[in-house]
Structures are given as structure tokens and as C-alpha cells.
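Notes follow once the structure below has been shown.
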Protein chains: 2
Amino acid sequence: MRVPRQVVEARRSRLTELLLERGYLPISELCEELDVSEATARRDLSALESEERITRTYGGALGEFNATFTSFRERLREGTEAKGLIARTAVSLIKPGMSVYLDAGTTAFAIAQELRRHLPERLTLITNNLALLETLGSLPGAKTILLGGQLLERQSVLLGNEAVKAASAQEINIAFLSAQGMTEQGLWNSQRDIISLQKAVIKRAARSCFCLDRSKLGRTAPEHLTSWPKVAPLVSDLSLPELRQSGITLKPGVLLHSQP
Amino acid sequence: MRVPRQVVEARRSRLTELLLERGYLPISELCEELDVSEATARRDLSALESEERITRTYGGALGEFNATFTSFRERLREGTEAKGLIARTAVSLIKPGMSVYLDAGTTAFAIAQELRRHLPERLTLITNNLALLETLGSLPGAKTILLGGQLLERQSVLLGNEAVKAASAQEINIAFLSAQGMTEQGLWNSQRDIISLQKAVIKRAARSCFCLDRSKLGRTAPEHLTSWPKVAPLVSDLSLPELRQSGITLKPGVLLHSQP
DNA sequence: TAGCAAATGATTGACTTCAATCATATAAAG
DNA sequence: CTTTATATGATTGAAGTCAATCATTTGCTA
């Protein structure tokens, strides 16, 4: 029997809520919870899936909870090769007892995963990146500090005055930062908030290490972060000659080239 | 053919890692990824499930990622009735434009869920509770601020100096706090860190609202938080006579009794 | 109010998943 | 080196899942 449109919609949003809460539910439980037949439950699932509000699995469905996190993971998986290499080089700079800052790029995610494999002792890890927490929070023997700040919707990142203030109060031995583009003029990033925070971090960090893979070469972004003379180590899969072709000349020793 | 024990173990931890990364994987992909037959993949899954390192589903498996969050949600589901009522009363105290602090108890989670249903305009939501972020981060028109601090493993909570400092810099109109126990002597909580933060919040908040359901009555905890005269509104499913039976006498108007 | 469109539950057959069983190869134990 | 224990892949039958189809009820709209 036909039922008012609004009832259908209500049931479907209840379904997404349920999945959001429980993560996963098999069809049978969905039927029971929503008090509908299997057929209807399936219809709801395929409707919601086509709206990309849930993910169906064989036998049930997954909520798009931590959708921010997974999208982050997916982005990471694209540049895997280069980012893995960059991460390995970056981690080799970390010594036991250090205080390490990781920022909000996908490279930071790769570094965190690399830390899972080779973890120096007694690290203090500092970040404004919520997507890193699952990884960093479970590293044994490391202390993880999250900067405070305003939550940027859909970004899983904390920014704003609070974040800048919190960063300025940290002791940082080495910071790993990323940018969205690099040109002859230097490094670029998309948002003023991000740049303010990065500048605060650079000021507090004994060493600021920029990690950029080749996809960033030649790109710009709305906001200018820094010019080349101020870039201390650049960790990249690019070589010096490749950089020179794009008009970027670095002093010797500045580039840490990540090779296979 | 039999294979060295260490190979099996390695494959199984690789499997947990995979699930941790991807959240969910169907059997077929597991077989491909691990390069084993379906039978072996299933055996691995049931082994890991009995160790409670993953969760099987029909057709695949889930990683125990955000296990902290889900355990939180499960804890929440226990006291649902009372906490829902308390949350409703609590939310009725929130007016548009307010700056609201939510602390780390499960009651805070219930309040967040209630906010999802009845959301006053232009709220600023402040918390040290990571489990709340998924809920709070998606509330339209509200601004969410996370206090910084050290990540408490398995608790999804931020504490420590940074958190106290960050709290002291906030403007808070109303704070919703919880405690682990209430006796004649006042309110009790388990950790010194938590109490330091709560005291900082109370100092900054125009109004500090304690939310405790009846399960807390008569319980104590290692650390003393506050005595009764300083408890401003107490939101509870307990009634004045019930409290008096346990030796707790409140001035009129202090208790906001949540009834069905 | 009449006619259409839409939502529902039941049923069906194709397909998938699953646990159990078995033969085999080989790691570990003695 | 011999024996034992165990990990593996293949097979099989039972059970579960899925999309398509159909009849029915009922909301919506002209």
C-alpha cells in the first residue's frame, strides 16, 4: 500500500542515522528496526546509495560515518607511490624523543602510516588534523597532542585563532608541512587560515620540512605561503634538474630527493 | 600445504591493517589482496574475530577502526531512557546564539543527539570530546570548537595543560558537565585531569549545569569535584525526595527534574 | 471524485556466501 | 630423521542474499 512521501523520507533518514550510529547493519536488523519488509529495506538502501548517503554491502549496509576520514584515505591512495617515498624520507629525519608536527595534507597521513612501521621512541606528535588521530592515537609510547580550534566542516581539520594560539605554545623540533602548489615564486596554499597556522608552526619549529610531490609542481593557489629562500628542507620525488626546468633553483642540500 | 606460523600471523596482521585502513572489505577483495583462497581468508577472519580484532559481516568484514567511538556509542545505548530525558531538559536551557560547552560524558553525547533534533540558531559548541565531533561537526549553522590537548588513548578525550589553557580562553554561556558519582559530600570524578578541566570550564561559564542520572547516586570516585552548595542546576531523572533519602538536600530550584 | 502514480509485501529463480569435510603438503616437535 | 600437528585449497550442500516481477493498496492530482 502506498504511503505518504514524507513517511518514506523520514524512514530513510532514520536509516542513515541508524547506520551512522552503528556503522554497519545487516538487512535483517534493518527490517526489524524500521519495521518493513526485506524488499522495502532493499529499496531504501539502493535509493540512499544512489544519493551516496550510505554504502551497500552484500548482506547489509555501511553508514558514511567518518566520511571525512575515508575520503581522506581515498585521496591518499591516489598518489601512493610518491607519497610513500616522501614519507619514508621524512620519517628518517625523526629521532627518538623529538616533538613532531604534522599538518593537514595527505602527505601527513602517509607519514603517520610510515610511523606505524618505524616508530622512534618517546615521540610527541602534534597535529591539527583529525584524520590522523586514529593512526596517531594508537601508536604505543607516543604522546599525541591535538591543537584546538574551530572545526572545518568536511575537512576534518582544526583552524582559526585557537589553533594559532595553541601552536604558538608548542615546542616543536621538526614540522612536516605541505602546500597545494609550488612555482618559481615559492609555495602556495588555498586558505588564509591554513597559512596563518603554518606560519605560526614555522615560527615555533626548529626545523620546517616541506613535503610536496610532483603533482604540485607549477600549480598555484589563492594564497602565497613562502618564497624559496625560506624553504629549509624540501622533501620531494622531484629531482633538482626537474625543479630547475620550472624555474626553481635550490641551494645545494635543501632538496631531499626521495628515490625508489 | 602448511606454512610457517609467522607467515600466518603476518598475513593476519596485514588483514587487520587493511580493514583498519579501508573500514570494510568483501571476502573477494581480501582473497585478492592477501593472495589466498577463500577458505583461508574465512579462517583468518574467524580467527581474528574470536580475538575481537575485527568484526565479521555476511560477505566481508569490518575493521575495528574508531573502536573508541563505537564503544562510546554502545555505552550510550545502555542508559538511553534516562539520558534522553536529561538531554531534553538540558537542551531546553539552550537559547539561540549561545556558546555551549559539552564535556566528555555519555550524557554529552545524548545532548548532542538531541541538538540534532532541536537546534537553536547560531550556536557555538565547545568540547574536548572527540566522539562528539561527528555529530556536532555536521550541525548546520553551528560553529564547533574543539579544545586542544593531549589525546587520552581509548577515551577519545583531550586533556592536560593545553586543554585547561584553551578552556580558560573561551567565552561560555552554559556548560553541561557530568560526573561519575554523587554522594552527600558532593560530586566525584575519576581523574585529576578531568577535574582540572572541569574547574577551568566552571570558572569561565556563566552557568554550569551538572547532568547526572540515577545510576550515579551513592557512587564515589577517586577525586572530589565539588560540594553541593556550588552545584547550580542539577539535571537528573532523580526527584528531590530520592536525593534526600541519600542525604542530599538541595535548595529549591536547584534541581531540574526530568520526567517522561 | 476519478484516474494515475507510487509504495508495499510476496514470490521466484539466479547467484553468493558459508561451514564442514577431505586430501595433501610441510612446518614443528621429538 | 621420523612423527605429529597444522595450514591450505578444493568440493559440496545448505542457507542466505538479491533483483525482477506482480498484485494490491493508497496517496496524490487534475
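Naming convention: chains lettered A, B, ... in sequence-line order (proteins, then strands); numbering from 1 in each chain.
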Respond yes when some side-chain nitrogen or oxygen of T40(B) is under 4.0 Å from OP1 or OP2 of dG9(D), and no when none is. yes
With axes from five pairs an end, tell me the bend angle of the helix from dT1(C)-dA30(D) to dG30(C)-dC1(D), nearest 10°. 50°
From the list dA15(D), dC15(C), dT26(C), which nucleotide is the closest neighbour of the side chain of M1(B)? dT26(C)
Compare every heavy atom of [Y] with every heavy atom of [X], then report the nearest pair and how far apart it is.
X       : Y       : answer
L102(B) : T127(B) : O-OG1, 2.8 Å
L19(B)  : G63(B)  : CB-CA, 3.5 Å
A112(B) : L132(B) : CB-CD2, 3.8 Å
N189(B) : S178(B) : ND2-O, 3.4 Å

Polar atoms only, N or O, under 3.5 Å: list the protein pairs with nucleotides 20-23 of chain D and their distances.
none

Can you work out whether R56(A) or V36(B) has the more 5'-proximal nearest nucleotide on DNA chain D? V36(B)
Base, sugar-phosphate, or nothing: which does S28(B) touch, judged by heavy atoms less than 4.0 Å apart? nothing
Suppose the criterion is side-chain hydrogen bond (donor to acceptor under 3.5 Å, both in side chains): which pairs have a residue in residues 1-10 of chain A, not counting sequence neighbours? R5(A)-E9(A)
Can you list, by residue number, the residues of residues 2-12 of chain B that have a non-hydrogen atom closer than 4.0 angstrom to DNA chain D? R2(B), V3(B), R5(B), V8(B), R11(B)
Residue pairs, two or more places apart or on separate chains, that pass salt bridge (charged side-chain N to carboxylate O under 4.0 Å, His left out) and touch residues 52-63 of chain A: E51(A)-R53(A)
Who pairs with T124(A) by side chain to side chain donor-acceptor pair (under 3.5 Å), at least two apart in sequence or on another chain? none
